[in-house]
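Some notes on the structure that comes next.
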Amino acid sequence: MGRAFVYVILGGGVAAGYAAQEFVKRGVSHGELCIISEEPVAPYERPALSKGFLLPEGIELILGTRVKSADVRRKTLLTVTGETISYKILIVATGARALKLEEFGVTGSDAENVCYLRDLADATRLVSVMQSCKDGNAVVIGGGYIGMECAASLVINKINVTMVFPEAHCMGRLFSPKIASYYEEFYKSKGVKFIKGTVLTSFDLNSDGKVTAVSLRDGSKLPADMVVIGIGIRANTSLFEGQLTLEKGGIKVNGKMQSSNTSVYAVGDVAAFPVKMFAETRRLEHVDSARKSARHAVAAIMEPEKTGEFDYLPFFYSRVFTLSWQFYGDNAGEVIHFGDFSGKTFGAYWINKGHLVGSFLEGGTKEQYEGIAKATRLKPAIEDLGELERQGLGFALTA
Ligand code: FDA
Ligand code: NAD
């Protein structure tokens, strides 16, 4: 049993949806393009986990179907249902999976009141667990994006939240200690408790198999009506190991998002691509890069002569409670903070090898965010850090 397509998109997430939109915009004939996704629904915007599906008409959709092996030499994919799908061009948009506590030697995270959050099914489950423990206690494991965003949502839903993570401060991959401290104090003012510098070692389970408490390495035990886990992700590369070149945990691609096999492209969280402005290969885990890398791959496939190298300015953002921040570039080098850390608007610049390479702003206006993006893109030389600190946000707005 088998079907053949010109273009196959493997994966049904954000990057898949944007790639499909770009194909349709540029014109594909009926039946030329197919999306294969393990999820039972069409691609959707993951950040909101809304049901705003991304898909235009005229595309063959093979949903609820996991691809279990790939043969890039023969240009075929084999699904769990036993079907062989062949392609001329493949776009790998398999994203990532949430890391499980079991991978750190802790058992029991399959209990019904323990939640991970990666897809629509996880989100639906998380909401139902949350609704069943009104006024109860949640333990949030991990101090990254999922931990911070879920903790805020749980508090808004009147659940008592304790966050547990191994680092000295939240958002360790991005925030400086000073920035982190602002958010931690804000969270504390909303009732969130922080237990830092330790990890979960085991769960207490009742006779129904539900978690009732978590034990931590520091010896403490926390009562829990529910647990949310956000301890990072792994890119879904396993189908291509030994067949494509991998780097930084992802599929290595060039500036056209093309892998070491010329018929295979990779986009979104699974792609490790050259970030031109840093002259380095990076794998990013954010929606803006998923959208833009997907569009770029399709442009490179359909109009190779007109499409240059992907030239991407990394962009991350989050919104929690009444707060909202944006970050552009790279958080490497020395940090210069600016603005009013006891007020609403503040930020930071990162200076590496004499150049401004990264900018962070909380509470900015649209124009201010555009300003820091533009300034970061220019990578201006910085001679006097004290002067930069004195000028603060004004520096970016006049750069
Ligand atoms: P994504 O994970 O979206 O899609 C991968 C798809 O491939 C899935 O449909 C999966 O089922 C499918 N798949 C994988 N293996 C398969 C196989 N073998 N066979 C068939 N199908 C397979 N970013 C940001 O910048 N701002 C934000 O606010 C947020 N918020 C946010 C909230 C939540 C809850 C999450 C989980 C993530 C975010 N992100 C974010 C991150 C952002 O959503 C992420 O970077 C993109 O979803 C990446 O898009 P991809 O398409 O690469 O992977
Ligand atoms: P993350 O990498 O942001 O954070 C992982 C956190 O896990 C670390 O900060 C650390 O505190 C913790 N940790 C690591 N090992 C641990 C262990 N053994 N025990 C306890 N804690 C441990 O990952 P995440 O928060 O799980 O987010 C998953 C993915 O979703 C990421 O790719 C992220 O970029 C994406 N996401 C992005 C946004 C956004 O951009 N606004 C929002 C939600 C999710």
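Ligands are counted one by one from 1 in listed order, and the atoms in each one are counted from 1 as well.
- Nearest to atom 19 (N) of ligand 2 among the protein's heavy atoms is V199 CG1, 3.6 Å.
- Contact annotation: the side chain of P166 never approaches that of T198 to less than 4.5 Å [non-hydrogen atoms, C-beta and beyond].
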Output side-chain donor-acceptor pairs under 3.5 Å for residues 218-240, partner residues at least two apart or in another chain, one line each.
| unit_1 | atom_1 | unit_2 | atom_2 | d |
| --- | --- | --- | --- | --- |
| D218 | OD1 | S220 | N | 2.9 |
| D218 | OD1 | S220 | OG | 2.6 |
| K221 | NZ | D204 | OD1 | 3.4 |
| K221 | NZ | D204 | OD2 | 2.5 |
| D225 | OD2 | N137 | N | 2.7 |
| N236 | ND2 | T94 | O | 2.7 |
| T237 | OG1 | E241 | OE2 | 3.1 |

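- With hydrogens left out, the protein atom closest to atom 4 (O) of ligand 2 is G144 CA, 3.4 Å, a heavy atom.
- Distances between N or O atoms of V287 and those of ligand 1 include at least one value under 3.5 Å.
- For the pair Q258 (side chain) and T262 (backbone), a donor-acceptor distance under 3.5 Å is present.
- Using a 30° and 60° split on the angle between ring planes, W325 and Y145 fall in the tilted class, from 30° to 60°.
- Comparing R118, M171, E103 by heavy-atom distance to atom 30 (O) of ligand 2, the nearest is R118.
- For atom 15 (N) of ligand 1, the nearest non-hydrogen atom from the set T94, I62, D122, V320 comes from T94.
- The existence of a salt bridge linking E32 and K88 is excluded, since no basic side-chain nitrogen approaches an acidic carboxylate oxygen closer than 4.0 Å.
- Near A290, meaning under 4.0 Å from one of its heavy atoms, ligand 1 places the atoms 48 (C), 49 (O).
- Each of the atoms 17 (C), 18 (N), 19 (N), 20 (C) of ligand 1 lies under 4.0 Å from some heavy atom of R66.
- Without hydrogens or angle criteria, Y87 side chain to I9 main chain gives no donor-acceptor distance under 3.5 Å.
- Looking only at protein heavy atoms, the nearest one to atom 40 (O) of ligand 2 is H286 ND1, 2.9 Å.
- Other residues, nucleotides and ligands place more than 12 heavy atoms under 6.0 Å from the CD atom of E303.
- Between F327 and W350, the ring-plane angle classifies as perpendicular under the 30° and 60° cut-offs.
- Numbered from 1 in the order shown, with element, the atoms of ligand 1 that lie under 4.0 Å from a heavy atom of E285 read 41 (C), 45 (O).
- Heavy-atom contacts of G12 reach the following atoms of ligand 1: 6 (C), 7 (O), 8 (C), 9 (O), 12 (C) (cutoff under 4.0 Å).
- Within the 3.5 Å criterion, the main-chain N or O of K379 finds a donor-acceptor partner in the side chain of H355.
- Contacts between T65 and ligand 1, counted as non-hydrogen atom pairs separated by less than 4.0 Å, involve the backbone only.
- A perpendicular orientation is assigned to the rings of F395 and Y349, their planes being inclined by more than 60° (bins at 30° and 60°).
- Around CZ of R319, the count of heavy atoms belonging to other residues, nucleotides or ligands within 6.0 Å does not exceed 12.
- At most 12 heavy atoms of other shown residues, nucleotides or ligands fall within 6.0 angstrom of atom NZ in K193.
- The shortest contact between atom 35 (C) of ligand 2 and any protein heavy atom is with E285 O, 4.0 Å.
- Within ligand 1, the atoms closer than 4.0 Å to a non-hydrogen atom of L10 are 19 (N), 20 (C), numbered from 1 in the order shown.
- Which parts of ligand 1 touch G95 is read off a 4.0 Å heavy-atom cut-off, strictly below it: atoms 2 (O), 5 (C), 52 (O), 53 (O).
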Is there a side-chain contact (heavy atoms from CB on, under 4.5 Å) between L78 and D71? Walk through the geometry before answering.
CA-CA 8 Å; L78 180 63; D71 185 333; over 6 Å; no
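- The heavy atom nearest to atom 3 (O) of ligand 2, out of those in Y145, W325, Y116, is found in Y145.
- The aromatic rings of F360 and F175 lie perpendicular to each other, with more than 60° between the two planes, well past the 30° mark.
- When heavy-atom distances to ligand 1 are checked against a 4.0 Å cut-off, D119 has no atom that comes that close, whether in backbone or side chain.
- For F316, the closest heavy-atom approach to ligand 2 does not fall below 4.0 Å.
- An N or O contact shorter than 3.5 Å links G232 to ligand 2 by distance.
- The nearest heavy-atom contact from the protein to atom 29 (C) of ligand 2 is I233 CG2, 3.7 Å.
- In terms of protein heavy-atom proximity, atom 6 (C) of ligand 2 is nearest to G230 O, 3.6 Å.
- Near G268, meaning under 4.0 Å from any of its heavy atoms, are these atoms of ligand 1: 52 (O).
- Not a single heavy atom of F316 sits closer than 4.0 Å to an atom of ligand 1.
- Listed by number with element, the atoms of ligand 2 under 4.0 Å from a non-hydrogen atom of F104 are 18 (N).
- Interface atoms of ligand 2 facing F165, defined by a heavy-atom separation under 4.0 Å, are 11 (O).
- At a heavy-atom distance under 4.0 Å, only side-chain atoms of N236, from C-beta outward, approach ligand 1.
- In this structure, atom 12 (C) of ligand 2 lies nearest to the protein heavy atom G142 CA, 3.7 Å.
- The part of E167 lying near ligand 2 is the side chain, judged by heavy-atom distances below 4.0 Å.
- By the 6.0 Å contact criterion, NZ on K374 is open, its count of non-hydrogen atoms from other residues, nucleotides or ligands being 12 or less.
- In summary, the atoms of ligand 1 found under 4.0 Å from a heavy atom of A93, numbered by their order in the structure, are 5 (C), 6 (C), 7 (O).
- Figure legend: cation-pi geometry between K178 and F341, with NZ or CZ positioned under 6.0 Å from the six-membered ring centre and within 45° of its axis.
- Looking at D269 next to ligand 1, an N or O pair under 3.5 Å apart turns up.
- With I231, L200, L174 as candidates, the residue nearest to atom 7 (O) of ligand 2 on a non-hydrogen basis is I231.
- Note on ligand 1: S37 sits in its first shell, one or more heavy atoms being nearer than 4.0 Å.
- Of the possible polar contacts, one joining the T307 side chain to the A299 backbone as a donor-acceptor pair under 3.5 Å is found.
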In sequence, state the C-alpha distance, the side-chain angles, and the governing distance for M130 and I159, and then conclude on side-chain contact (heavy atoms from CB on, under 4.5 Å).
CA-CA 8 Å; M130 186 181 74; I159 310 266; 3.9 Å; yes
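- R125 places a side-chain N or O within 3.5 Å of a backbone atom of E112 that can act as its donor or acceptor partner.
- The shortest contact between atom 20 (C) of ligand 2 and any protein heavy atom is with I141 CG2, 3.5 Å.
- Against a heavy-atom cut-off of under 4.0 Å, Y317 is close to the following atoms of ligand 2: 39 (C), 40 (O), 41 (N).
- Distances shorter than 4.0 angstrom do not occur between any heavy atom of G172 and any atom of ligand 2.
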